[in-house]
Every structure is written in structure tokens, then in C-alpha cells.
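One structure below.
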Amino acid sequence: MEKICLDFETVFDFLRGDLSVVEKLRNYASSEEICITSIAMSHLLMTISKQDAVKPFLNSVTVLPFDRNTAQVAASINRELQVAGDDQKRLDTIMTAAICIANKAHLFSRSPSRYDGIKGLKKV
């Protein structure tokens, strides 16, 4: 079973009822583990006022942490991007990618190009 990790934008689209995201997640949920990052979780809790919609969703997914190992992966990604001259990535993008890489999860993002140039990141 593969892990499919949703970034904040994808979760937001799902909670809004975006049919393309809902359908894709329905397909993944039958055979894959659906995850979000602890960063996406905190973003959801800080930005969505209707917590009654957020909490059932959070209870139904695995939350992948930003821990010591992930911090080391994030630092490595940042160094690689600086060497490549691509130091314009936002910190949350690097941290999300690091969590996915550290947990061997595939990233599901509505904006996959935000993650271009990050070695080792698998996207769906």
C-alpha cells in the first residue's frame, strides 16, 4: 500500500467539494493510505472557521509529522536547491516535500510545479 500525501491546497479543494479531487481521492482511498502533513493540518486548523468540517476529515487520515529526520531531509533539499540556483522555494513547500520523502509518500498537489526541482519527491 502506497501513501498518498495531500498538500493543503488539495485538502482545501476536497473540503470544498471539488469533484475532480473528490473522485481522485475516492479512487486512491480504496487501495492507498491517504495522508496529510502536520503542516497542512496546522494550516487547516488556523484558516478554516468551520471546524466541524475539518475534524472528521482529520480523523480519517494519517498525519505525517515534521520530526528530526524530516528536518534533516528539509535541510538537504534546501542545500540542493541553493546549489542549483533555485532558492526561491517557500519554506512550507520544502517542509511538505521533506515530510513526503522521509515517509516514502507520493505528493498529491493541485500545484505540482511548486515542487519542481526537488530530488526524490514522488508526485501523483
Side-chain angles (χ1 to χ4, degrees):
M1 178 181 289
E2 298 284 338
K3 293 178 185 172
I4 305 295
C5 186
L6 317 177
D7 67 359
F8 170 75
E9 292 175 333
T10 305
V11 173
F12 189 74
D13 289 346
F14 174 79
L15 292 174
R16 282 183 338 158
D18 181 306
L19 293 178
S20 65
V21 173
V22 169
E23 189 58 35
K24 285 180 185 176
L25 283 181
R26 220 178 253 141
N27 290 335
Y28 287 132
S30 64
S31 61
E32 312 298 344
E33 179 181 2
I34 305 299
C35 309
I36 64 168
T37 67
S38 53
I39 290 135
M41 179 180 171
S42 64
H43 200 165
L44 284 168
L45 293 171
M46 288 187 278
T47 59
I48 297 181
S49 59
K50 294 184 179 181
Q51 292 296 301
D52 57 328
V54 173
K55 289 187 180 184
F57 173 80
L58 292 175
N59 289 333
S60 70
V61 297
T62 301
V63 178
L64 302 175
F66 188 86
D67 57 15
R68 181 183 301 260
N69 180 50
T70 306
Q72 292 171 333
V73 173
S76 177
I77 290 169
N78 191 56
R79 280 191 299 277
E80 288 175 4
L81 291 172
Q82 287 178 336
V83 167
D86 184 9
D87 56 357
Q88 300 302 311
K89 298 270 190 257
R90 291 179 30 181
L91 182 59
D92 65 323
T93 299
I94 292 170
M95 292 170 71
T96 296
I99 291 170
C100 289
I101 292 167
N103 288 279
K104 296 176 177 53
H106 291 74
L107 177 67
F108 179 11
S109 173
R110 103 160 100 118
S111 304
S113 63
R114 279 182 46 197
Y115 301 90
D116 287 352
I118 298 177
K119 295 177 185 171
L121 178 64
K122 298 174 187 168
K123 299 181 251 180
V124 294

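We count residues from 1, following the sequence as given. All values below come from the heavy atoms of this structure, side chains included, with hydrogens, waters and symmetry mates left out.
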Given side chains that start at C-beta, do those of L81 and I94 come closer than 4.5 Å, heavy atoms only?
yes

Verdict with reasoning, I77 to I101, per side-chain contact (heavy atoms from CB on, under 4.5 Å):
CA-CA 10 Å; I77 290 169; I101 292 167; 3.8 Å; yes

Take E33 and C35 through the side-chain contact (heavy atoms from CB on, under 4.5 Å) test and state the conclusion after the steps.
CA-CA 6 Å; E33 179 181 2; C35 309; 4.0 Å; yes

Is it true that M41 and F108 fall in one hydrophobic cluster, defined by side-chain heavy atoms closer than 4.5 Å?
yes

Please check if any side-chain donor atom of T70 sits under 3.5 Å from a side-chain acceptor atom of D67, or the reverse.
yes

To the nearest 0.5 Å, what is the distance between CE (M1) and NZ (K3)?
11.0 Å

Is there a donor in the side chain of S113 and an acceptor in the side chain of D116, or the other way round, less than 3.5 Å apart?
no

Geometric class of the F57/F14 ring pair [parallel <30°, tilted 30-60°, perpendicular >60°]:
tilted

Same cluster (ILVMFWY, side-chain, under 4.5 Å), I4 and I118:
no

Would you say R16 has more than 12 foreign heavy atoms packed within less than 6.0 Å of its CZ?
yes

Side-chain contact test, heavy atoms from C-beta onward, threshold under 4.5 Å: evaluate it for P112 versus L107 and give yes or no.
no

Check whether T96 reaches the backbone of T93 with its side chain - one donor and one acceptor, N or O, closer than 3.5 Å.
no

With a 4.0 Å cut-off, would you call K24 and D18 a salt bridge?
no

Using a 4.5 Å cut-off on heavy atoms from C-beta on, say whether the side chain of R114 contacts that of S109.
no

Closer than 3.5 angstrom, by distance alone: can the side chain of N78 be matched with the main-chain N or O of A74 as a donor-acceptor pair?
no

Does the side chain of R110 come within less than 4.5 Å of D13's, by heavy atoms?
yes

Applying the 4.5 Å side-chain criterion to the ILVMFWY set and letting contacts propagate, would M46 and V54 be lumped into a single cluster?
no

Whether the side chain of E32 engages the backbone of E2 through a donor-acceptor N/O pair (distance < 3.5 Å, no angle test) should be reported.
yes

T47 vs F12 side-chain heavy atoms within contact, under 4.5 Å
no

Going hydrophobic residue to hydrophobic residue with side-chain gaps under 4.5 angstrom, can you get from L64 over to V73?
no

Would you name the heavy atoms of I99 and S38 that are closest together and state the gap between them?
CD1-OG, 4.2 Å

Cluster link I48 to V63, ILVMFWY, side chain under 4.5 Å:
yes

Beyond-backbone contact of I36 with L58, side-chain heavy atoms, under 4.5 angstrom
yes

Over all atoms of both residues, closest heavy-atom pair of K123 and Y115:
NZ-C, 4.1 Å

Nearest 0.5 Å, please: how far is CZ in F8 from OG in S111?
11.5 Å

Is there a side-chain contact between L6 and L25, using heavy atoms and a 4.5 Å cut-off?
yes

